[in-house]
Each structure stands twice: as structure tokens, then as C-alpha cells.
Amino acid sequence: AIDLFEVVNDRSMLAFVHSNLAGIYTDEENYDLAIEELTLSLSLQEAIEDQVGRCYTLYNFGMAYRGQNDFPNAIKYFKKAKEVATDVGVLLVNKDAAESLSEIYAESGDFQKAYLFHKEFKVLDDSTFNETKASRIAELEEKYQNEQKQQEINLLSAENQIATLELQKQQNLRNYLSIAAFLLVLLVGVVYSRYQVKARAIAKLKDLD
């Protein structure tokens with residue numbers, strides 16, 4: 001993937017792939033290689049001014065250094081991640097970085113800072129929950145409105161079908177009446193014609209008598 005994205009010079013996807021590799025190395029606890037991949041990812045994101053990607057990469061730097069128990073560097077990168085995440089409005093990174101800082105300070109015995117960051121984490125966590133809930137509500141409202149619109153469309157379609165059937169019924173009735181009138185006129189004509197023939201025959205018989 002890296003070879004192909006280098007050929008087409010897609011720096012955004014290159015940064016994304018290096019970040020994914022860093023995630024794999026972090027899972028394998030190979031933090032040195034993770035930091036190498038994150039360094040490549042960050043340089044690409046800074047070159048293309050990808051601030052959203054940058055805040056995620058800074059957070060992952062913090063996780064890698066935390067895995068190495070390098071708390072000073074972990075704190076530095078978590079704070080940078082929070083700063084960028086606040087600027088670009090990435091609530092999730094801001095929340096996770098605050099939680100990680102709270103845990104690191106608690107492990108280091110600085111309980112005052114641990115408390116402050118935990119307090120911030122809780123506020124951000126509630127905001128994330130509310131944002132998710134609001135998004136879900138908006139999604140459900142949109143779905144409900146779409147269903148309502150579909151029901152209205154179906155109702156209008158049904159009404160149109162009923163109206164069409166009514167018109168067809170009226171047309172059929174007119175056709176039946178027209179045919180009945182035509183047959184009645186034809187029948188009257190036939191009866192009248194037969195009457196005329198019979199009358200002429202009677203008159204001729206009288207003349208013969």
C-alpha cells in the first residue's frame with residue numbers, strides 16, 4: 001500500500017497507512033517501531049496540514065511512550081493531542097487524552113493533577129455521550145420523517161389509484177349506457193321495421209281480397 005501511494009503521491013493515505021502500522025506495532029508492544037511509523041505519519045500530516053489526523057497521531061505517540069513507561073514524553077504528547085483536538089473540535093481524542101493523563105498522573109502519585117484531568121475527562125465524556133445521543137436522536141427523527149414522507153407518498157399514490165379507478169368506473173358506466181342506448185335504438189328500429197313490413201303485407205292482402 002505504501003509503495004502504491006508513493007507512486008501516486010497520495011500523502012494523506014500514506015500517513016494513514018503509517019498510522020495503521022504504528023497501531024499494529026503498539027499492539028505487539030514493539031514501541032520503537034511504532035514511534036518510527038508515527039514520526040513518518042506526523043511529518044506527512046504536517047506537510048499537508050491535516051490537523052485532524054495530526055491530533056490522532058499525537059495521541060498515539062502518547063500511547064506508545066506510555067507503553068514504554070516514558071511518562072514525561074507520554075504527558076507531552078497527550079497534552080499536544082488535547083491542544084490540537086480542542087482547536088479542531090475532535091472531542092473523542094480530547095476525552096481519551098484527558099483520561100490517559102489522569103491515569104498517568106495517578107500512577108506517578110500526582111493525585112491533584114490526576115483529579116483535575118479526571119474531572120475534565122468526565123465533562124468531555126458526558127459531552128461525547130450527549131453528542132452521540134443528539135446524533136442518534138437526529139438520525140431517528142430523520143428516519144421518522146422519511147417514513148412519514150413515504151407514508152404520505154403511499155397514501156397519495158393510493159388516492160391517485162382510487163381516483164383513477166373511479167374515473168375508469170365512470171367511463172365504463174358511460175360506455176355501458178352508450179351500448180345499452182344503441183342496442184335499444186337498434187331494437188326499436190328492428191321492431192318498427194318489422195311492424196312496417198307486416199303492415200304493408202296486411203294492406204297487400206286486403207288489396208288482393
Side-chain angles (χ1 to χ4, degrees), residues 1-108 110 113-143:
I2 287 172
D3 290 342
L4 290 171
F5 288 129
E6 282 177 348
V7 170
V8 297
N9 194 30
D10 190 336
R11 290 183 290 180
S12 176
M13 286 305 299
L14 274 171
F16 180 70
V17 175
H18 282 300
S19 182
N20 280 331
L21 283 170
I24 292 168
Y25 289 135
T26 299
D27 290 341
E28 293 177 345
E29 298 183 0
N30 193 339
Y31 301 112
D32 290 333
L33 286 178
I35 290 167
E36 286 181 20
E37 294 296 337
L38 289 169
T39 302
L40 292 170
S41 180
L42 186 62
S43 64
L44 288 164
Q45 288 162 346
E46 288 175 345
I48 61 175
E49 297 182 354
D50 178 8
Q51 294 298 90
V52 174
R54 188 166 166 257
C55 74
Y56 279 98
T57 300
L58 290 169
Y59 173 79
N60 289 330
F61 262 115
M63 292 298 292
Y65 281 117
R66 185 180 177 185
Q68 290 181 327
N69 292 320
D70 185 348
F71 291 160
N73 271 322
I75 289 169
K76 181 179 76 173
Y77 279 100
F78 282 137
K79 285 183 176 179
K80 281 185 180 180
K82 274 181 56 60
E83 183 181 335
V84 177
T86 301
D87 289 341
V88 296
V90 182
L91 190 60
L92 182 63
V93 172
N94 201 350
K95 172 182 76 74
D96 289 346
E99 182 180 26
S100 296
L101 284 166
S102 173
E103 291 170 354
I104 289 172
Y105 280 121
E107 290 173 22
S108 303
D110 192 338
K113 287 181 180 178
Y115 167 74
L116 291 173
F117 278 109
H118 184 73
K119 187 176 178 181
E120 183 179 355
F121 159 71
K122 290 302 293 180
V123 171
L124 293 168
D125 191 43
D126 290 342
S127 298
T128 305
F129 174 76
N130 291 332
E131 188 178 86
T132 304
K133 184 169 67 174
S135 175
R136 180 60 178 158
I137 289 170
E139 181 185 337
L140 290 172
E141 284 179 350
E142 183 180 357
K143 185 178 179 182

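These values consider heavy atoms only, across backbone and side chains, with no hydrogens, waters or symmetry-generated copies. Position 1 is the first residue of the sequence, and the numbers go up from there.
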Within-4.5 Å side-chain heavy-atom neighbours: Phe71 and Glu107: yes
So, the side chain of Thr26 versus the backbone of Ala22: is there a donor-acceptor pair under 3.5 Å, distance only? yes
Within a reach of under 6.0 Å around CD of Glu28, are more than 12 heavy atoms found that belong to other residues, nucleotides or ligands? yes
Non-hydrogen atoms of Ile48 and Ser12 that approach each other most closely: CD1-CA, 3.7 Å
Those residues that, when tested against Asp32, pass side-chain hydrogen bond (donor to acceptor under 3.5 Å, both in side chains) (two or more places apart): Gln68
Determine the minimum heavy-atom distance between Cys55 and Val93, stating which atoms define it. O-CG1, 3.8 Å
Correct closest heavy-atom pair for Ile35 and Thr39 would be O-OG1, 2.7 Å
Once rounded to the nearest 0.5 Å, what's the spacing between atom CZ of Arg54 and atom OG of Ser43? 12.0 Å
Would you give the length of the straight line joining atom OH of Tyr31 to atom CG of Asn69, rounded to the nearest 0.5 angstrom? 8.5 Å
If you measure from CG on Asp110 to CD1 on Ile104, what distance do you get to the nearest 0.5 Å? 12.0 Å
Tell me which donor-acceptor pairs under 3.5 Å the side chains of residues 76-92 have, and how far apart each pair is, sequence neighbours excluded?
unit_1, atom_1, unit_2, atom_2, d
Lys79, NZ, Tyr105, OH, 3.2
Lys82, NZ, Asn94, OD1, 2.6
Lys82, NZ, Glu120, OE2, 2.5
Thr86, OG1, Lys82, O, 2.7
Thr86, OG1, Asn94, ND2, 3.0

Could you grab the distance from atom CG of Leu33 to atom OH of Tyr25, nearest 0.5 Å is fine? 5.0 Å
Do Leu21 and Ile2 pass the side-chain contact (heavy atoms from CB on, under 4.5 Å) test, and can you show the C-alpha distance, the side-chain angles, and the key distance before you say yes or no? CA-CA 11 Å; Leu21 283 170; Ile2 287 172; 3.7 Å; yes
On a heavy-atom basis, the closest approach of Arg11 and Ala47 is NH1-CB, 3.9 Å
Closest heavy-atom pair, Leu38 versus Thr57, reported as atoms and distance to 0.1 Å, is O-CG2, 3.6 Å
Are the side chains of Leu42 and Phe61 in contact, using a 4.5 Å heavy-atom criterion? yes
Straight-line distance of Leu44 CG to Met13 CE, nearest 0.5 Å: 12.0 Å
For Phe121, all residues meeting ring pair (Phe, Tyr, Trp, His ring centres under 6.0 Å), sequence neighbours excluded: His118
In this structure, CG of Leu101 is separated from CG of Leu116 (nearest 0.5 Å) by 11.5 Å
Test side chain to side chain contact (heavy atoms under 4.5 Å, CB included) applied to Gln45 and Val52, Leu14, Asp50, Leu40, the passing residue: Asp50
Can you name the nearest heavy-atom pair linking Ser102 to Ala114, along with the distance? OG-O, 2.9 Å
